[in-house]
Amino acid sequence: MAFKKYLVILKIIVLVSACNTNEKSSEIINDMSDQKIQFTDAQIDFLGITDTNHLSAASKRALKWRTDLGNEWFIQFGPLKPLKGDLAYEEGVVRRDPSAIIKENGKYYVWYTKSTGPTQGFGGDIENEKVFPWDRCDIWYATSVDGWTWKEEGMAVSRGEKGAYDDRSVFTVEIMKWEDKFYLCYQAVKSPYNVRVKNTVGLAWSDSPNGPWTKSKEPILVPADNGIWKGEKQNRFLVEKKGDFDSHKVHDPCIIPYKGKFYLYYKGEQMGEAITFGGRQIRHGVAIADKPEGPYVKSPYNPISNSGHEICVWPYAGGIASLITTDGPEKNTIQWAPDGINFEIMSVIPGVNAHAIGLNRTADNEKEPTEILRWGLTHVYNNADYQSIMRFSSERKTTHVAKGETK
Ligand code: AAL
């Protein structure tokens, strides 16, 4: 063992000294993982590394970063601002998880989760009480001319009849327009809503953004069925086997027409969820279909993120970009996948205050990588019981100068 280690170290010394005589590019063997690291003199200069014979773990990591990235993907979010009209905060009412915004008939449209009354939680009579703010909800919609003052138009999709897969709550909706048809995908829960309940994803379609909406008879996405609970007690952390990343919940669905198919991005929650060094174990997956209504087949590459929370994805430069917030070691990053599946970090941004983002799909998303994030909708917790929809904004940050200093 010791000899093997000695040989590896020797190999490093030989290779690094060989590297030093080569002015153009060089290569070392990483003693920890035996992985090859390529680097150039320009990289060493840019990273300010003082001695290539003594590369710290941080320097080795930095040498693996992409070299072609500037600040094109680097942004900061501004303060959230309240909406006016019917979507202004209303005590006693939950309005949250706004969909993307689309423009039809000269007006912006948004769909969202709505319910009334306080949340009791899981401690009492779950058959009759509200366990989460998003329990006992329906999907409503509103319109606006300027994106600030909104008129609530009414309910779009209601909970199903008793016994249906969506009889308890329908919530966290997204909108997709495709070939003059409108599609709402959303989360659905069947009663009883206990901590081990497995939710599903439903779909509804209409010829008009004003409805009426036809609901799919069956869910279009369900959690993986390969986890095993431990014991009968209602405890979501006790498992014999955790199963896939989405063995408990499939959340935050968002369908994007992409490469002649339909990519349904979603957040997975796993049975026996752990808290790791990055926080909650939350990851994203994708399921792909030939038609908007499915069938959706989960990608064998899932999970496609190891971090994040609500799905926030948009097409850019032939690939798909994704804002990764809240949970996991790669939270507060913007990532991009040239194929919609293999995401790489493009920027690490300051803490994101805009959660459950509803993107402005009317933006010119190809103008620059984050153009679609200039403004949109999000929600805030006014208190533990009630949430309201707010407006977010973001800006690119390209310089860092002192007062009076010019760039
Ligand atoms: C959100 C989303 C989903 C969850 C709940 C409502 O942050 O991840 O929508 O179910 O919380």
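Indexing begins at 1, ligand by ligand and atom by atom, following the structure's order. Excluded from the calculations below are hydrogen atoms, water molecules and symmetry mates; all remaining heavy atoms, backbone and side chain alike, are included.
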Chemist: Which bit of E310 gets closer than 4.0 Å to ligand 1, counting heavy atoms only: side chain, backbone, both or neither?
Modeler: side chain

Chemist: Just checking, any donor-acceptor pair under 3.5 angstrom between side chains of R374 and S394?
Modeler: yes

Chemist: How about S388 and N382: does a side-chain donor come under 3.5 Å of a side-chain acceptor?
Modeler: yes

Chemist: Out of K267, H355, E269, who gets a non-hydrogen atom closest to atom 8 (O) of ligand 1?
Modeler: K267

Chemist: Consider only side-chain N and O atoms of Y112 and E152, and report whether a donor and an acceptor are under 3.5 Å apart.
Modeler: yes

Chemist: Give the atom numbers and elements of ligand 1 that come within less than 4.0 Å of a heavy atom of H309.
Modeler: 7 (O), 8 (O)

Chemist: Considering only protein heavy atoms, which is closest to atom 3 (C) of ligand 1, and at what distance to one decimal place?
Modeler: Q187 OE1, 3.3 Å

Chemist: Is it the side chain, the backbone, both or neither of D97 that has a heavy atom closer than 4.0 Å to ligand 1?
Modeler: side chain

Chemist: Quick one: look up the protein heavy atom nearest atom 6 (C) of ligand 1 and list residue, atom name and how far away it is.
Modeler: T172 OG1, 3.4 Å

Chemist: Atoms of ligand 1 less than 4.0 Å from D252 heavy atoms?
Modeler: 2 (C), 3 (C), 8 (O)

Chemist: Would Q43 and Q38 count as having a side-chain donor-acceptor pair, cut-off 3.5 Å?
Modeler: no

Chemist: Taking C-beta and beyond as the side chain, do I288 and V297 meet within less than 4.5 Å on heavy atoms?
Modeler: no

Chemist: Could you check whether D146 and Y108, counting side-chain N and O atoms only, form a donor-acceptor pair closer than 3.5 Å?
Modeler: no

Chemist: Quick one: does ligand 1 sit under 4.0 Å from the side chain of K249, the backbone, both or neither, non-hydrogen atoms only?
Modeler: neither

Chemist: Heavy-atom distance to atom 4 (C) of ligand 1: which of R96, H251, H379, Q387 wins?
Modeler: H251

Chemist: Check for me whether R361 meets the cation-pi criterion with W314, that is, NZ or CZ under 6.0 Å from the six-membered ring centre and within 45 degrees of the ring axis.
Modeler: no

Chemist: Any idea which part of F171 is under 4.0 Å from ligand 1, heavy-atom wise: side chain, backbone, both or neither?
Modeler: side chain

